[in-house]
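First the proteins, then the strands, lettered A, B, ... as listed; each starts at 1.
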2 protein chains.
Amino acid sequence: MRPHELPEIRHLPLFRDMLQANFEALMHGAYAQAFPAGLELMRQGDPADFLHVVMEGAVELYAHWGGRECTMAVVRPVGTFILAACIKDAPYLMSARTLERSRIILLPSSDLRAVFRRDTEFAVSVIHELAGCYRSVVRHAKGLKLRTSRERIASYLLRQSALAGNLASYGLPVEKRLLASYLGMTPENLSRTLKTLEADGVKLDGTRVIITDRAKLSALAQPDRLIDGPDSETPSAGASLPRVQGGD
Amino acid sequence: MRPHELPEIRHLPLFRDMLQANFEALMHGAYAQAFPAGLELMRQGDPADFLHVVMEGAVELYAHWGGRECTMAVVRPVGTFILAACIKDAPYLMSARTLERSRIILLPSSDLRAVFRRDTEFAVSVIHELAGCYRSVVRHAKGLKLRTSRERIASYLLRQSALAGNLASYGLPVEKRLLASYLGMTPENLSRTLKTLEADGVKLDGTRVIITDRAKLSALAQPDRLIDGPDSETPSAGASLPRVQGGD
DNA sequence: GCAGGGACTTGATCTGGATCAACTCTCGCC
DNA sequence: GGCGAGAGTTGATCCAGATCAAGTCCCTGC
């Protein structure tokens, strides 16, 4: 593991409050690994042997069933994923693959389970992390059930703008095909709907989003704190929305 | 609170392992209340002041947005709900209403937060509960994104049969309109699809489900441990599927 | 017992979004 | 520098599921 990485992990909400001795014990069994883009890190159904911490790159969490596949989340540095499965010592519910060349720290889940049993501060951090993840998926499910495709796209674009600091223009953080899958629609549908959204105050130029009329877009998206956040409870983990890459 | 209720709560996985003194402290601030059917217990966005424990009756958790509404879960005795919001001291993401006359214990969430900070066993229980809830919603989201209406119905019916002990015949635990909403479709669509499912090995007689050809139904539903369970990690809480009422 | 209302069903129609197919553009790679 | 391969777009068509509208049945409350 690289020297700068340890403090970065230590500063994550999940590891911030635990005893130094326990942190060190946890990191003792950890190891870092580099992966090329497009590599499958785990397959749904596998036993949860390691908590994963993304230090560089990006990881897609996705699910499959009966030949179909869908994106559930994208995790970027510094973020953890698959905490719940590690804790329950249960099979992963999702598969994971790298979207880019990535550096990932692997923490044996047995160590994890041992440590929060003797470090209450860490246990409390885990509680907060999991509660955040839970609420994040609930938001996602609400969006899927209550909103149409069009509304999901509009609110996604607004949400990303908010994450970028309410910029009117920013870059999409993920490929459109992945975004479509995350939002529960086909790439064709996303592409077409984006075109028609020009009448509602937002335009796309390649990967660049330009909000031309925020009021109009908001009227369509009806952003809702209980679906779109802002989560004061932002999870660093598994259930996070694809995050913005930075805008200008 | 009634004499038999305290031990019932104590035996819940969530409260089973904590110190007796802490359990008593927690219960000190608790109070029971009876509600008629159809009463709104909380509204999404409200501050999370109480953890709710259903002792009798049934509670529907649902979400709404822009005039639409959908069922997210049904909680039956003995089960808790809205743990995550209590822990984060954040607004509820869902509303709740009684489906029948219900008896509910209310636990001040501030007490809850205080207790798991000083009782590691309780903290561990909370961790397991939340991890279970998280995984449960992930399963639900996977079903919504990966399966068609028809497949969701078929797998729901199989899952309920499994919960009833693999009985070929059992009663639906909830109204069909609620089930439709839970499964993300309209009542009309549910009704029609149920009819066409007779060709796939399952028949409905009113509220009675009769599986006539389990193999055929399974071929359609393709039940998957990573979507349908069985959850060894069964949550007692918020995210549970409408449970079966008992079969014969 | 009777009236009223809600759950459920059934039918007719509409439409959002999927599917299938073709074509362009870009970018990494030989 | 040319050549795939994959991302994205666009068009044509199809279909699952929503919507609108009746009508039946059952249960409840007067």
Side-chain angles (χ1 to χ4, degrees), chain A residues 36-39 58 60 66-71 74 97-101 143-154 156 171-200 203-209 220 242, chain B residues 36-38 58 60 66-71 74 97-101 143-154 156 171-200 203-209 220 242 245:
Chain A
L39 194 101
E60 174 192 6
R68 287 162 235 168
E69 181 178 310
C70 73
T71 303
V74 171
R97 69 166 79 93
T98 52
L99 291 173
E100 330 163 355
R101 180 176 163 69
L144 287 171
K145 291 179 94 166
L146 292 169
R147 283 175 169 155
T148 65
S149 262
R150 190 179 174 74
E151 290 160 347
R152 288 201 295 281
I153 297 171
Y156 174 83
L172 279 181
V174 291
E175 285 181 349
K176 286 184 189 161
R177 61 198 323 282
L178 190 149
L179 179 57
S181 176
Y182 174 71
L183 294 175
M185 67 191 75
T186 58
E188 294 96 324
N189 188 19
L190 174 63
S191 178
R192 270 188 261 271
T193 306
L194 280 175
K195 177 137 296 186
T196 71
L197 279 178
E198 288 190 13
D200 284 281
K203 210 173 55 176
L204 261 93
D205 178 22
T207 181
R208 187 117 223 111
V209 180
L220 169 63
Chain B
E60 175 191 5
R68 287 163 233 166
E69 182 178 309
C70 73
T71 302
V74 170
R97 68 166 80 95
T98 51
L99 290 173
E100 330 164 353
R101 181 176 161 70
L144 288 171
K145 289 179 95 166
L146 291 169
R147 284 174 168 156
T148 65
S149 263
R150 191 181 175 73
E151 290 159 347
R152 288 201 296 281
I153 296 172
Y156 174 84
L172 279 183
V174 291
E175 285 182 350
K176 286 183 190 160
R177 61 197 323 280
L178 189 149
L179 179 57
S181 176
Y182 174 71
L183 294 176
M185 66 191 76
T186 58
E188 293 96 323
N189 188 21
L190 174 63
S191 179
R192 270 187 261 270
T193 306
L194 280 175
K195 177 137 294 186
T196 71
L197 278 177
E198 289 189 13
D200 284 279
K203 208 174 58 175
L204 261 93
D205 177 22
T207 180
R208 188 115 223 114
V209 180
L220 169 63
Q245 215 157 34

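- Following rounding to the nearest Å, L190(B) (CG) and dA16(D) (P) show an atom-to-atom distance of 17 Å.
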Identify all pairs in which a protein N or O lies below 3.5 Å from an N or O of nucleotides 20-24 of chain D, and state each distance.
unit_1: dC20(D); atom_1: N4; unit_2: E188(B); atom_2: OE2; d: 3.2

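- With a cutoff of under 4.0 Å to any heavy atom of chain B, the contacted region of DNA chain C is bounded 5' to 3' by dA7(C) to dA12(C).
- With rounding to whole Å, N189(A) atom CG is found 19 Å from dT13(D) atom P.
- Listed for the K203(A) side chain is no donor-acceptor partner under 3.5 Å among the backbone atoms of K195(A).
- Checked against side-chain contact (heavy atoms from CB on, under 4.5 Å), R97(A) has the following partners two or more places apart in sequence or in another chain: E60(A), Y62(A), E69(A).
- Remark: L190(B) pairs with I153(B), K176(B), L179(B), A180(B), M185(B), L194(B) by the side-chain contact (heavy atoms from CB on, under 4.5 Å) rule, at least two apart or across chains.
- Distance alone, capped at 3.5 Å, is enough to place a donor-acceptor pair between the R152(B) side chain and the R147(B) backbone.
- Under the side-chain contact (heavy atoms from CB on, under 4.5 Å) criterion, T148(A) pairs with R150(A), E151(A), R68(B), sequence neighbours left out.
- Annotation: side-chain contact (heavy atoms from CB on, under 4.5 Å) contacts of T186(B) (sequence neighbours excluded): E188(B), N189(B).
- Take S181(A) and apply the side chain to side chain donor-acceptor pair (under 3.5 Å) test, not counting sequence neighbours, and it matches T71(A).
- When the C1' atoms of four end pairs are superposed on the next four at each end of the helix from dG1(C)-dC30(D) to dC30(C)-dG1(D), using five pairs per end, the two resulting axes differ in direction by 40°, to 10°.
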